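The structure appears below as structure tokens.
Reminder, nothing fancy here: chain letters follow the sequence lines and each chain counts from 1. Because the structure is predicted, anything quoted here is derived from the model rather than measured.
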Number of protein chains: 2
Amino acid sequence: MALPDTSKRVTLTQVARAAGVSVMTASYTYNQPSRVSDESRAKVLAAAAELGYAGPDPRGRSLRRGASRALGVVLGEHLSYAFEDPQAAAFLAGIADVCAEHAYGMTILPITGAADDVARIRSAAVDAFILWTTTEDDPVVAAVRAMKRPAVVHGGPAVPDLGLVSIDNRAAARAVGEVVFAHTNRPAIVSFPLTRDREGGIISGPDTTRVLFPVTRHRLEGYRQAAEAAGLAWKDVIVAVCPRNDPSEGERAAAMLLASPEPPDAIAAMSDQLASGILQAAHTAHHGVPTDLAVTGWDDAPIAADLGLTTVAQSLRAQGSACAQAALGQEAPLNSPWSIVRRRTTRP
Amino acid sequence: MALPDTSKRVTLTQVARAAGVSVMTASYTYNQPSRVSDESRAKVLAAAAELGYAGPDPRGRSLRRGASRALGVVLGEHLSYAFEDPQAAAFLAGIADVCAEHAYGMTILPITGAADDVARIRSAAVDAFILWTTTEDDPVVAAVRAMKRPAVVHGGPAVPDLGLVSIDNRAAARAVGEVVFAHTNRPAIVSFPLTRDREGGIISGPDTTRVLFPVTRHRLEGYRQAAEAAGLAWKDVIVAVCPRNDPSEGERAAAMLLASPEPPDAIAAMSDQLASGILQAAHTAHHGVPTDLAVTGWDDAPIAADLGLTTVAQSLRAQGSACAQAALGQEAPLNSPWSIVRRRTTRP
DNA sequence: CTGTTAGCGCTTTCAG
DNA sequence: CTGAAAGCGCTAACAG
């Protein structure tokens with residue numbers, strides 16, 4: 001392959017010399033063209049074209065200006081899954097909208113879970129950070145704080161000095177829980193991971209105070225409030241934990257639950273992705289929805305409408321935009337709106 | 001919101017002074033700790049902790065080193081769709097894998113189609129570029145060339161001085177075309193856009209030389225070869241163009257085709273996403289697959305296996321990794337592998 | 001093992 | 001409208 005040789009890049013000084021003007025005139029030609037006479041500007045541009053000047057080098061410029069015009073986005077341990085998760089994709093699209101509008105770059109900081117994540121954050125030339133939902137003890141959060149730059153967390157945790165953009169997950173979970181657990185005897189929840197090692201499994205009435213992902217913890221607390229309001233005991237609520245946000249995980253979890261001697265008659269899922277797998281499993285196991293089994297999702301993704309799924313509506317895209325605006329120091333809605341969308345997978 | 005004040009950042013010089021050592025000793029403490037005595041290192045780290053030093057500033061470092069340790073990724077005009085397209089997501093994940101491995105950042109450069117795209121590329125502090133499939137006349141390609149940095153194009157176009165990572169789209173299209181058009185009278189193609197304005201529509205036997213996206217052009221040429229090899233005239237091949245790579249677009253196009261007086265009996269789609277919509281439309285219109293209608297997709301995404309879809313297998317993730325490696329100046333496979341996966345949507 | 005010197009490429013400041 | 005000076009924060013190269 002014959003890729004261009006980076007070392008050959010021409011500098012602004014060389015262009016100025018070739019044009020027979022000072023460096024500043026050359027600089028103004030690029031940054032404040034109106035300050036330069038037509039004649040000088042023409043000379044500079046001609047010299048630049050002649051030498052093949054690629055424009056002011058961003059590195060020198062950002063050092064001098066003290067700003068890189070880029071936002072850093074930290075996506076959490078499982079980077080490859082982040083791109084596969086439609087909600088994460090929507091979130092990124094929201095950030096991208098704002099970046100495009102403000103002519104900012106958007107630097108994705110790959111996190112692997114290894115110790116060198118911190119080094120990658122330290123060496124990122126970005127003006128502000130956005131963190132996708134994580135745990136309170138995530139070392140990445142500490143690393144971002146140490147950078148002393150503006151930073152906004154999406155979902156949680158709430159961290160001193162950092163912004164937080166989120167819906168009220170507890171209230172939303174309670175609201176959707178009241179719908180799905182109504183007139184129910186054997187409630188279940190299909191949940192995101194409770195711990196950073198993301199292990200799956202089935203437990204009942206888990207100790208929510210030990211759940212390290214705040215978003216997941218708040219949702220469990222909300223579901224719990226709803227269950228108890230419906231006269232159900234938290235210790236009787238089955239929680240199936242899925243390591244990944246994927247329909248196949250939801251299907252596997254639901255298949256297991258439905259095969260038990262006392263299968264659940266209501267399942268609240270933490271995403272529409274998981275819920276779609278649950279509906280699939282219900283279909284396979286010949287459980288009627290919502291007659292035998294009520295199901296709710298979360299997000300109101302396009303698939304929810306297709307499936308007639310009752311769910312919590314929120315806009316990850318709008319939340320991504322809000323994070324980016326807040327990171328850029330603008331006014332932005334920190335408390336994002338949500339609502340319950342009732343469809344056919346719950347009883348009226 | 002109380003985000004930290006960027007201006008307060010401490011410099012390495014201040015740390016050195018506070019520690020009572022030279023700046024270089026402080027610098028070595030961070031970059032080559034083994035070169036520094038335990039005692040000095042401790043003093044430096046203590047001073048850094050005391051002052052709240054955030055570590056060497058990436059801006060000064062990249063200017064001095066002449067490298068930013070970041071890869072720029074240019075995703076094409078419709079940035080928000082890029083995140084929604086599962087294949088683009090897989091491609092990004094492949095890039096991210098390599099970036100994580102080499103401790104590089106990954107800067108997504110939002111492209112809107114407006115004139116300022118070029119400015120955003122010029123001001124990106126990245127060491128190399130990766131371009132997602134685009135047209136030959138895309139101004140962004142020219143802008144990237146002008147940067148005089150290593151750059152790799154995925155899919156196409158082939159550009160002098162830039163690398164190219166791709167499968168042989170023409171050969172793959174011919175191969176899958178031979179499967180789907182076998183024993184067929186009324187062939188159709190559901191295609192990606194032919195022009196940069198991405199307008200949809202239905203035409204027959206288009207002039208492929210006028211298709212500006214090389215990937216799409218090569219696929220059409222391959223399909224054409226297959227159709228002609230099967231004794232069909234290119235002018236009789238219907239091509240439905242979908243503005244976006246989305247199942248609903250495929251469904252809409254197929255519904256229209258199937259409602260015509262002489263509906264197609266074979267449809268080759270340029271993605272599994274489009275093909276899944278086509279299968280949905282066939283189901284709705286009571287066309288048996290593959291009896292009344294043979295269908296093929298492209299990509300071998302997870303959904304293809306679920307649907308029993310005959311398709312072209314390729315790994316966008318591997319291609320993303322190859323692009324990133326090539327951009328970093330390493331050996332990488334430029335001709336990516338592909339194969340035909342025969343399943344139930346075509347006749348044996 | 002530590003320190004001095006020089007300068008990466010650019011733009012802010014201020015003086016013509 | 002143009003230019004000279006200074007320095008952003010850091011590290012390669014070399015000398016002690």
Side-chain angles (χ1 to χ4, degrees), chain A residues 6-44 47-48 51-69 119 122-127 147-149, chain B residues 6-44 47-48 51-69 119 122-127 147-149:
Chain A
T6 303
S7 59
K8 274 200 224 154
R9 276 180 60 110
V10 178
T11 81
L12 189 57
T13 313
Q14 293 168 32
V15 172
R17 185 163 25 228
V21 299
S22 77
V23 207
M24 278 323 298
T25 301
S27 178
Y28 288 138
T29 299
Y30 287 95
N31 296 303
Q32 303 172 51
S34 60
R35 259 185 82 164
V36 177
S37 69
D38 291 353
E39 191 190 2
S40 297
R41 194 179 329 121
K43 278 196 289 186
V44 170
L51 298 175
Y53 179 56
D57 188 319
R59 293 188 251 274
R61 175 182 272 180
S62 31
L63 175 58
R64 180 63 239 226
R65 297 219 265 229
S68 305
R69 291 175 183 271
R122 286 179 110 91
S123 66
V126 299
D127 299 330
M147 291 302 282
K148 307 245 176 113
R149 300 202 181 281
Chain B
T6 304
S7 59
K8 271 199 224 154
R9 276 180 60 110
V10 179
T11 82
L12 189 58
T13 313
Q14 292 169 31
V15 172
R17 184 162 28 229
V21 299
S22 77
V23 207
M24 276 323 295
T25 301
S27 177
Y28 286 139
T29 299
Y30 287 94
N31 297 302
Q32 303 171 51
S34 60
R35 262 185 81 163
V36 176
S37 70
D38 291 353
E39 191 192 359
S40 297
R41 194 180 328 122
K43 278 196 291 188
V44 170
L51 298 175
Y53 179 56
D57 188 317
R59 293 189 250 274
R61 175 182 272 182
S62 15
L63 176 58
R64 179 64 239 223
R65 296 217 269 227
S68 305
R69 291 176 183 270
R122 286 180 109 91
S123 66
V126 300
D127 300 330
M147 292 301 283
K148 307 247 177 114
R149 299 202 182 281

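For the pair D57(B) CG and dT11(D) C1', the computed distance is 13 Å after rounding to whole Å. Rounded to an integer number of Å, the gap from CZ of R65(A) to P of dC10(C) is 12 Å. dG9(C) atom P lies 14 Å from atom CE of M147(B), rounded to whole Å. Atom pair Q14(B):CD and dC8(D):P shows a separation of 10 Å (rounding to whole Å applied). We find that CG of L63(A) is positioned 13 Å from P of dC8(C), with the value rounded to whole Å. Taking atom CZ of R61(B) as the reference point, atom C1' of dG7(C) lies 18 Å away to the nearest angstrom. A straight line from CZ of R17(A) to C1' of dG3(D) spans 15 Å, rounded to a whole angstrom.
Looking only at distances, no side-chain donor or acceptor of R59(A) sits under 3.5 Å from a matching main-chain atom of R64(B). For the pair S62(B) (side chain) and P58(B) (backbone), a donor-acceptor distance under 3.5 Å is present. Listed for the R69(A) side chain is no donor-acceptor partner under 3.5 Å among the backbone atoms of A124(B). Within the 3.5 Å criterion, the main-chain N or O of V23(B) finds no donor-acceptor partner in the side chain of S27(B).
Taking the side chain of M24(A) as heavy atoms from C-beta on, and the options dG3(C), dA5(D), dG9(C), the nearest nucleotide is dA5(D). Considering only the side chain of R64(A), dT11(C) comes nearest among dT11(C), dA6(C), dT2(C).
In terms of phosphate contacts, R59(A) brings no side-chain nitrogen or oxygen within less than 4.0 Å of OP1 or OP2 of dG9(C). One finds no side-chain N or O of T25(A) lying less than 4.0 angstrom from the OP1 or OP2 phosphate oxygen of dT2(D). In this structure, Y53(B) reaches the dC10(D) phosphate: one of its side-chain N or O atoms is under 4.0 Å from OP1 or OP2.
Among residue pairs with one or both ends in residues 12-38 of chain B, those qualifying as salt bridge (charged side-chain N to carboxylate O under 4.0 Å, His left out) are D38(B)-R41(B); sequence neighbours excluded.
In this structure, T25(A) and S40(A) approach most closely via the heavy-atom pair CG2-CB, 3.9 Å. Across every non-hydrogen atom of G55(B) and Y30(B), the tightest pair is CA-CE2, 4.5 Å.
Five base pairs at each end of the helix from dC1(C)-dG16(D) to dG16(C)-dC1(D) define two local axes, and these are offset by 30° (rounded to 10°).
Each of S22(B) and G60(A) was matched to the nucleotide of DNA chain C holding its nearest heavy atom; the match closer to the 5' end belongs to S22(B).
Going from atom CG of L12(A) over to atom CG of L51(A) covers 11.0 Å, rounded to the nearest 0.5 Å.
Against DNA chain D, the stretch residues 27-40 of chain B makes heavy-atom approaches under 4.0 Å through S27(B), Y28(B), N31(B), R35(B).
Annotation: side chain of V44(B) is in contact with side chain of V15(B) (closest heavy-atom distance under 4.5 Å).
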